[in-house]
Amino acid sequence: MADDELGAARWKRVVLKLSGQAFSPSGGSGADGASIDGDVVSQLATEIVDARRNLGVDVAVVVGGGNIWRGMTGAGAGMDRAQSDYMGMLATVINALALQDALERLDQPTRVQTAIQMAQVAEPYIRRRAMRHLERGRVVILAGGLGNPFFTTDTPAALRAAEIDADAILKGTHSGIDGVYSADPRSDPAAVKLDELSYMDVLNRGLKVMDPTSITFCMDHALPIVVFDVLHHGNIRRVLVGRERIGTLVR
Ligand code: UDP
């Protein structure tokens with residue numbers, strides 16, 4: 001059965017950007033206050049394994065850290081911005097290890113590569129090695145952002161996608177918002193969902209898709225972006241197969 005599905009996806013290789021909040025949709029407000037929800041991480045892992053095994057798609061995951069720490073949080077409270085950003089980069093590694101654990105419990109070979117070296121827990125990011133892992137059917141989790149402060153993990157999602165020859169970026173949202181809207185649908189009832197946009201639309205209208213730096217980068221490298229609700233069951237597969245219109249396509 002699964003063999004019939006191989007090649008059914010519209011892209012051979014993708015970067016899946018998971019924001020930290022996707023690891024804890026309730027914002028860590030559960031009884032134990034945990035910032036990583038094991039059930040959610042397992043669900044994400046199951047869907048990544050489905051994409052890898054059944055659709056034959058190479059998946060590199062760029063993980064955020066916002067469920068644990070964002071640089072701006074500390075900077076807003078008077079911390080040195082760069083120091084606070086390094087804390088954020090380390091937070092992404094925690095999420096990466098949680099996702100690796102969930103994938104490996106499904107017997108999915110996985111490698112974590114980090115932009116800040118920490119040899120005891122992960123490989124350093126090495127482009128050729130990452131590509132080799134993908135060719136061998138491993139899921140590669142890229143953590144630590146770019147390894148430089150003053151960025152968010154949107155920029156490494158775009159940069160790594162170009163580096164590893166990915167065909168598209170799948171930008172997962174997590175708060176029940178299933179794409180890009182003309183305004184914030186949580187506060188503006190007149191907001192309408194936009195099915196397709198150009199990079200310039202996103203930049204000119206200041207739409208919240210990814211950081212402007214990463215949008216510009218994707219435009220320069222003709223990398224399509226699909227913004228979609230990654231926590232809706234089966235959506236990763238739906239986006240990859242592309243028969244249904246899911247989320248918002250930016251190209
Ligand atoms: N960060 C950074 N450089 C990078 C990527 C991330 O300094 O290249 C820091 C930054 O402080 C950021 C934090 O790591 O706020 C967590 O990443 P992000 O905010 O992108 O997480 P997400 O919103 O996706 O959960």
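Please read these numbers as outputs of a predicted model, since none were measured by experiment. Start at 1 with the first residue, then count along the sequence. Both counts, for ligands and for their atoms, begin at 1 and track the order of listing. Basis for what follows: all heavy atoms, side chains included, without hydrogens, waters or symmetry-related copies.
Screening residues 80-139 for ring pair (Phe, Tyr, Trp, His ring centres under 6.0 Å), with sequence neighbours left out, gives no hits.
By the 4.0 Å heavy-atom criterion, Pro149 is counted among the residues contacting ligand 1.
The 12-atom threshold is exceeded at CE of Met131, counting heavy atoms of other residues, nucleotides or ligands nearer than 6.0 Å. Heavy-atom neighbours of Glu104 CD from other residues, nucleotides or ligands within 6.0 Å: above the threshold of 12.
For the pair Asp85 and ligand 1, the shortest N or O to N or O distance falls below 3.5 Å. When only interatomic distances are considered, the shortest N/O to N/O separation between Gly66 and ligand 1 falls below 3.5 Å. Among the atoms of Trp69, none of the N or O lies under 3.5 angstrom from an N or O of ligand 1. Ligand 1 has no N or O atom lying under 3.5 Å from any N or O atom of Gly147, backbone or side chain. Checked against a 3.5 angstrom limit, the closest N/O atoms of Gly144 and ligand 1 fall outside it.
Taking only non-hydrogen atoms, the option from Thr153, Val63, Val62 nearest to atom 17 (O) of ligand 1 is Thr153. With distances taken over non-hydrogen atoms, the option nearest atom 15 (O) of ligand 1 out of Gly88, Ala82, Gly71 is Gly71. The residue from Leu146, Asn148, Asp154 that puts a heavy atom closest to atom 3 (N) of ligand 1 is Asn148.
Each of the atoms 4 (C), 5 (C), 8 (O) of ligand 1 lies under 4.0 Å from some heavy atom of Gly145. Listed by number with element, the atoms of ligand 1 under 4.0 Å from a non-hydrogen atom of Thr152 are 4 (C), 5 (C), 6 (C), 8 (O), 20 (O). Listed by number with element, the atoms of ligand 1 under 4.0 angstrom from any heavy atom of Ser19 are 22 (P), 24 (O), 25 (O). Taking a cut-off of under 4.0 Å to the non-hydrogen atoms of Gly20, the atoms of ligand 1 that pass are 22 (P), 24 (O), 25 (O). Atoms of ligand 1 lying under 4.0 Å from at least one heavy atom of Gly64, given by number and element, are 21 (O), 22 (P), 24 (O), 25 (O).
The proximity of Lys17 to ligand 1, defined as any non-hydrogen pair under 4.0 Å, is limited to the side chain.
For the side chain to side chain donor-acceptor pair (under 3.5 Å) test with Asp58, the passing option among Arg138, Arg136, Arg13 is Arg13; the others fail.
In terms of protein heavy atoms, atom 1 (N) of ligand 1 is closest to Phe151 O, 3.2 Å. Scanning the protein heavy atoms around atom 21 (O) of ligand 1, the nearest turns out to be Gly65 N, 3.0 Å. Nearest to atom 23 (O) of ligand 1 among the protein's heavy atoms is Arg70 NH2, 2.9 Å.
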For this session: Check the pair Lys208, Asp184 against salt bridge (Lys or Arg N to Asp or Glu O under 4.0 Å), reporting the backbone distance first and the verdict last.
Result: CA-CA 9 Å; Lys208 300 259 177 295; Asp184 186 343; over 6 Å; no

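Residues Pro224 and Leu249 approach most closely at CB-CD1, 4.2 Å, considering heavy atoms. The two residues Leu231 and Ala22 come nearest to each other via the heavy atoms CD2-O, 3.9 Å.
A donor atom on one side chain and an acceptor atom on the other are found under 3.5 Å apart for Ser198 and Asp201.
Every side-chain contact (heavy atoms from CB on, under 4.5 Å) that Arg243 has, sequence neighbours left out, goes to Val241.
Going from atom CG of Asp220 over to atom OH of Tyr199 covers 9.5 Å, rounded to the nearest 0.5 Å. Atom CD1 of Ile169 sits about 4.5 Å away from atom CE of Met210, to the nearest 0.5 Å.
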